[in-house]
2 protein chains.
Amino acid sequence: MAGDGETAPRVRPLYRGVRETLVRRIAEGVWQPGQALPSEFEIAADLGVSQGTVRKALDELTAERLVVRRQGRGTYVARHDDERILFQFFKLIPDSGERRFPESRVLAVARRAADEAAAGRLGVAAGAGLVEIERVRCVGGTAAIVERITVADALYPGLAERALPNNLYELYAAEFGVTIAAATERLKAVAAGPREAEHLGLAPGTPLLAVDRTATAIDGRIAEWRVSLCRTDGLHYLCELP
Amino acid sequence: MAGDGETAPRVRPLYRGVRETLVRRIAEGVWQPGQALPSEFEIAADLGVSQGTVRKALDELTAERLVVRRQGRGTYVARHDDERILFQFFKLIPDSGERRFPESRVLAVARRAADEAAAGRLGVAAGAGLVEIERVRCVGGTAAIVERITVADALYPGLAERALPNNLYELYAAEFGVTIAAATERLKAVAAGPREAEHLGLAPGTPLLAVDRTATAIDGRIAEWRVSLCRTDGLHYLCELP
DNA sequence: CAGTGGTCTAGACCACATG
DNA sequence: ATGTGGTCTAGACCACTGT
């Protein structure tokens with residue numbers, strides 16, 4: 001059943017619509033991170049399509065790391081646990097040895113109004129309220145990263161007054177319903193200024209890797225702007241070109 | 001803790017075998033880059049599986065960019081034309097403006113025996129014959145990259161005596177049957193030495209982005225080792241985290 | 001028009017996890 | 001035993017491309 005012929009003109013495949021519906025429900029929190037979605041057949045019956053069409057939509061969501069499927073168990077909304085962050089968003093790896101989740105020490109949290117640069121990066125109006133977080137991160141016991149994180153106040157009300165955990169993306173998802181889905185990083189090599197040099201215990205002028213990231217939530221909004229200055233002695237940034 | 005790596009499935013899906021067969025035939029040159037594969041039904045009949053199974057295998061090859069499918073036309077072996085190289089393998093982008101394919105000027109071509117470092121990177125025995133290419137690349141008219149390319153002599157017989165085009169991967173594929181399928185890049189920030197500084201017209205000590213790439217052919221062999229030193233004023237390295 | 005890939009459906013069976 | 005996702009098949013129709 002599920003007549004496919006005489007309905008309205010279909011420019012978009014059916015499974016794309018199913019995918020959008022599922023994404024919307026996840027974004028709205030109908031199914032929370034870590035919870036199971038209904039089975040393929042239940043979703044299919046609910047939406048009036050066949051199970052194969054639901055599977056195709058779920059295959060896409062799996063590829064986008066939005067859900068995790070386990071044979072015999074079910075389909076679960078992906079969580080921003082440390083391991084996922086480590087593999088999807090943290091690309092700075094020790095030259096030899098395992099990836100490790102970096103420790104963080106917050107230097108400062110401040111609220112300010114968006115200037116042109118920040119407004120452009122975050123997709124907000126100039127003058128909008130921002131929160132800026134500065135912190136130092138350690139990999140394997142040595143200070144390796146100095147970073148500044150900038151977010152729109154409106155997305156995370158009260159963030160500036162909170163205690164900030166190591167894994168911010170988990171906080172965004174759990175407390176503010178903002179699920180980071182993807183990011184774009186732009187890298188440059190720069191010379192350490194006196195401030196970075198002091199925090200990292202390096203001579204000023206030492207080459208650092210500057211990573212400029214904008215992160216996007218599953219609803220498409222820009223959810224964070226982050227600039228990280230990283231030492232790369234004993235560490236490197238890993239990028240796979242598939 | 002530490003979710004252990006999942007072992008290989010006990011039974012290999014049929015479409016995986018179809019995929020391997022197709023990859024093997026492409027690697028052997030049964031179908032040349034740019035040429036069309038047989039239709040899904042022909043492949044299915046040939047291999048004794050259903051068309052849906054062939055489709056699943058071809059979907060994977062499409063995702064890996066090994067083939068290109070065009071509705072109504074057919075399925076084609078992907079070519080290493082400039083555009084594909086530009087988007088898949090060249091990540092250094094002008095800060096504002098279009099991606100452009102860089103011009104190359106070869107500085108030197110030399111043959112030497114593999115030391116420990118090169119042997120480890122290329123997966124050959126120490127002492128094996130190598131070819132080393134050094135060149136300068138220009139993006140938008142200004143010298144931006146100094147790079148050294150190292151390959152095993154055995155894979156590309158006579159390479160050192162050839163004229164070297166801008167797009168080496170196309171040469172590898174067309175003349176030596178080596179199709180680059182993927183690469184891993186490791187990035188560090190380093191200070192320009194006197195040699196790089198001169199070629200790029202910069203002061204020694206200027207921070208440069210060091211990109212250390214190993215490229216893998218579709219048969220899994222390591223096909224190239226390349227170290228590129230890049231200026232990042234007006235340029236940046238773009239990395240999407242999906 | 002015929003041939004191609006793209007979508008959608010329906011049903012069967014398998015592998016895995018849980019009770 | 002039951003329910004889940006994973007694989008495989010078979011067939012139908014649609015959309016696009018070329019002749």
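Just so we're on the same page: letters track the sequence lines, and every chain starts at 1.
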Name the pairs: protein N/O against N/O of nucleotides 17-19 of chain D, kept only if under 3.5 Å.
{"residue": "D/dG18", "atom": "OP1", "partner": "B/Arg73", "partner atom": "NH1", "Å": "3.4"}

Please state whether the phosphate of D/dT7, meaning OP1 or OP2, lies under 4.0 angstrom from any side-chain nitrogen or oxygen of B/Tyr15. yes
Qualifying salt bridge (Lys or Arg N to Asp or Glu O under 4.0 Å) pairs, either residue in residues 153-162 of chain B, two or more places apart: B/Arg111-B/Asp153, B/Arg111-B/Glu161, B/Arg162-B/Glu175
Quick one: A/Tyr76 OH to C/dA17 P, roughly how many Å, whole number? 11 Å
Apply side chain to side chain donor-acceptor pair (under 3.5 Å) to A/Gln71 and list each qualifying residue two or more places apart in sequence or on a separate chain. none
In numerical order, the residues of residues 22-44 of chain A whose heavy atoms come under 4.0 Å of DNA chain C are none
Please identify each residue that fulfils side chain to side chain donor-acceptor pair (under 3.5 Å) with B/Trp31, with sequence neighbours left out. none
Listed once per pair and sorted, the salt bridge (Lys or Arg N to Asp or Glu O under 4.0 Å) pairs that draw on residues 37-61 of chain A, sequence neighbours left out: A/Arg16-A/Glu60, A/Arg19-A/Glu60, A/Arg25-A/Asp46, A/Glu40-A/Arg55, A/Glu40-A/Arg69, A/Asp59-A/Arg69
Distance check needed: D/dC14 C1' versus A/Arg12 CZ, whole Å only. 17 Å
Closer than 4.0 angstrom, basic N to acidic O: yes or no for A/Asp95 and B/Lys188? yes
Any pair counted as salt bridge (Lys or Arg N to Asp or Glu O under 4.0 Å), so long as it reaches residues 176-185 of chain B, sequence neighbours left out: B/Glu185-B/Arg213
Qualifying ring-ring contact (aromatic ring centres under 6.0 Å, His included) pairs, either residue in residues 161-182 of chain B, two or more places apart: B/Phe89-B/Tyr169, B/Tyr156-B/Tyr172, B/Tyr156-B/Phe176, B/Tyr169-B/Tyr172
Which ones in residues 48-67 of chain B lie close to DNA chain C, meaning a heavy atom under 4.0 Å from one of its atoms? B/Arg55
Listed partners of B/Lys91 passing side chain to side chain donor-acceptor pair (under 3.5 Å), at least two apart: none
Of all residues at least two apart in sequence or in a different chain, which pass the side chain to side chain donor-acceptor pair (under 3.5 Å) check with B/Thr184? A/Glu240
Tell me every residue that passes salt bridge (Lys or Arg N to Asp or Glu O under 4.0 Å) with B/Glu20, counting only those two or more places apart in sequence or in another chain. none
